Trainee: 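What follows is a structure written as structure tokens; I'll ask about it next.
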Amino acid sequence: MSRQQGRGGKGKPSGRGASKPTNKRSGRGGDNAKGKSFARGNAPVKKKPATASKSSNPDEIRLNKYIANSGICSRRDADMHISVGSVTVNGKVVTEMGYKVKLDDEVRFDGARINPEKKTYVLLNKPKGFATTTSESKGRTVMDLVANATNARIKPIGRLGRNSTGLLLFTNDDVVVKKFTNSKNGVSRLFEIELDKNLKFEDYKKIQDGFKIEGKLVSVEEISYIDGQPKTKIGLKIKNTGNTILHTIFDHLKYDIIRVDCVQIGHLTKKDLPRGHWKHLTEQEVNTLQML
């Protein structure tokens, strides 16, 4: 028996060069005890989160949310009403769940138009040089003056000429808009008008009594000379939403209008509202406006 065999008689390897038995695996390519290696370059690759789908159009909103935001009902109830055909978008019945609409679409619930925005009422004391329009191609407009008033999509009710001044009401409340545009009822507006010459008394009476222009009756609610002012300055109250009728009247009677200033709309006045400034109507002012 050799010396080496005698020392290893029990079958155990001996000597400094002998390796001890182990279950571990090492090396860059090996596995650790748990079957994973954390050696540099061999770290487990983290899974990247799934790429998000294309973001939805911020100008669109689900129809059920549009209805819920308008205060009609909850989203769940809105889905029920949509499914039975109670809702139209731009004149067409929509029954598709998840249908998306744009904020400027015409959405009607049981025939009545609805709006997902909070009702907003802004009163502006308009200066000269601003067109009463929502078009961006008309230079400076009244929309520029109320741009910071609200995020709601308000529009002016009626018109004031670019060189006219005074009160102009903006809102997204269709019910109030209809009050102003109703040809029979409407809402009164009081104007101070300056003419190029004194208004003759016979013309004053003609305007007061109403008269026909090309077969069409032209009438106003009230007309008056302004106390303490020359007879070139008059007050005129009308329910028409525009001021074209003012020019129609005085052009027919051979007067030139020098200045037009709207000083009152219904119960709303220019008190504490400097030229070029706007304000939100108070709750009481809104309630009165809705009762007109």
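It should be emphasised that the depicted structure is a prediction, and the values quoted were computed from it without experimental measurement. The figures that follow rest on heavy atoms only: side chains count, while hydrogens, waters and symmetry mates do not.
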Trainee: Output all residues satisfying side-chain contact (heavy atoms from CB on, under 4.5 Å) with Asn69, sequence neighbours left out; order by chain, then residue number.
Mentor: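 Checked Asn69 against side-chain contact (heavy atoms from CB on, under 4.5 Å); matches are Ile61, Lys65, Pro116.
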Trainee: Tell me, please, which residues at least two apart from Asp174 pass side-chain contact (heavy atoms from CB on, under 4.5 Å).
Mentor: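 Partners of Asp174 by the side-chain contact (heavy atoms from CB on, under 4.5 Å) criterion, ordered by chain and then number, come out as Arg113.
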Trainee: Quick test of your reading: applying ring pair (Phe, Tyr, Trp, His ring centres under 6.0 Å), list the pairs with at least one residue in residues 87-144, sequence neighbours left out, ordered by first then second residue.
Mentor: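 Checked against ring pair (Phe, Tyr, Trp, His ring centres under 6.0 Å) - neighbours excluded - the pairs reaching residues 87-144 are His81-Phe109.
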Trainee: Any salt bridge (charged side-chain N to carboxylate O under 4.0 Å, His left out) involving residues 115-137? Give me the pairs, sequence neighbours left out, ordered by first then second residue.
Mentor: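 Listed by first then second residue: Glu117-Arg153.
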Trainee: Can you name the residues that form a side chain to side chain donor-acceptor pair (under 3.5 Å) with Arg108, not counting sequence neighbours?
Mentor: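 Counting only residues at least two positions away or on another chain, Arg108 forms a side chain to side chain donor-acceptor pair (under 3.5 Å) with Glu106.
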Trainee: Counting only heavy atoms from other residues, nucleotides and ligands, does the tally under 6.0 Å from CZ of Arg62 exceed 12?
Mentor: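 Count not over threshold, so no.
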Trainee: Are the side chain of Asn125 and the backbone N or O of Leu273 linked by a donor-acceptor pair below 3.5 Å?
Mentor: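 Side chain of Asn125 to backbone of Leu273, a donor-acceptor pair under 3.5 Å: yes, one is there.
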Trainee: By side chain to side chain donor-acceptor pair (under 3.5 Å), which residues pair with Lys205, not counting sequence neighbours?
Mentor: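 Testing Lys205 for side chain to side chain donor-acceptor pair (under 3.5 Å), a comparison that skips the adjacent residues, returns Gln208.
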Trainee: Among Ile, Leu, Val, Met, Phe, Trp and Tyr joined by side-chain contacts under 4.5 Å, find the other residues sharing a cluster with Leu217 and list them by chain and number.
Mentor: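 Joined to Leu217, directly or through intermediates: none.
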Trainee: Can you list the residues that meet the side chain to side chain donor-acceptor pair (under 3.5 Å) rule with Asp256, with sequence neighbours excluded?
Mentor: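 Asp256 satisfies side chain to side chain donor-acceptor pair (under 3.5 Å) with no residue once adjacent residues are dropped.
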Trainee: Can you list every side-chain hydrogen bond (donor to acceptor under 3.5 Å, both in side chains) pair that touches residues 215-226, not counting sequence neighbours?
Mentor: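 Every side-chain hydrogen bond (donor to acceptor under 3.5 Å, both in side chains) pair that includes a residue of residues 215-226, provided the two are not neighbours, is Ser188-Glu221.
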Trainee: Tell me, please, which residues at least two apart from Lys197 pass side-chain contact (heavy atoms from CB on, under 4.5 Å).
Mentor: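 Per chain and number, Lys197 pairs via side-chain contact (heavy atoms from CB on, under 4.5 Å) with Tyr255.
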Trainee: Output, in order, the C-alpha distance, side-chain angles, deciding distance and verdict of side-chain contact (heavy atoms from CB on, under 4.5 Å) for Asn198 and Tyr204.
Mentor: CA-CA 10 Å; Asn198 291 343; Tyr204 176 98; over 6 Å; no
Trainee: Show me the pairs that pass salt bridge (charged side-chain N to carboxylate O under 4.0 Å, His left out) and involve residues 272-286, at least two apart or across chains.
Mentor: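 For residues 272-286: Asp261-Arg275, Lys279-Glu285.
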Trainee: For the pair Ser86 (side chain) and Ile82 (backbone), establish whether a donor and an acceptor sit closer than 3.5 Å, ignoring hydrogens and angles.
Mentor: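 Not at all, since once roles are kept as given, no pair shorter than 3.5 Å links the two residues.
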Trainee: Any donor-acceptor pair under 3.5 Å linking the side chain of Asn172 with the backbone of Thr120?
Mentor: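 Side chain of Asn172 to backbone of Thr120: a pair is present.
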Trainee: Taking atom types as modelled, is there a side-chain donor on Ser135 or Thr133 under 3.5 Å from an acceptor on the other?
Mentor: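 Judged by distance alone, the side chains do not pair up.
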Trainee: What residues, two or more places apart in sequence or in another chain, satisfy side chain to side chain donor-acceptor pair (under 3.5 Å) together with Asp144?
Mentor: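 Residues passing side chain to side chain donor-acceptor pair (under 3.5 Å) with Asp144: none at all.
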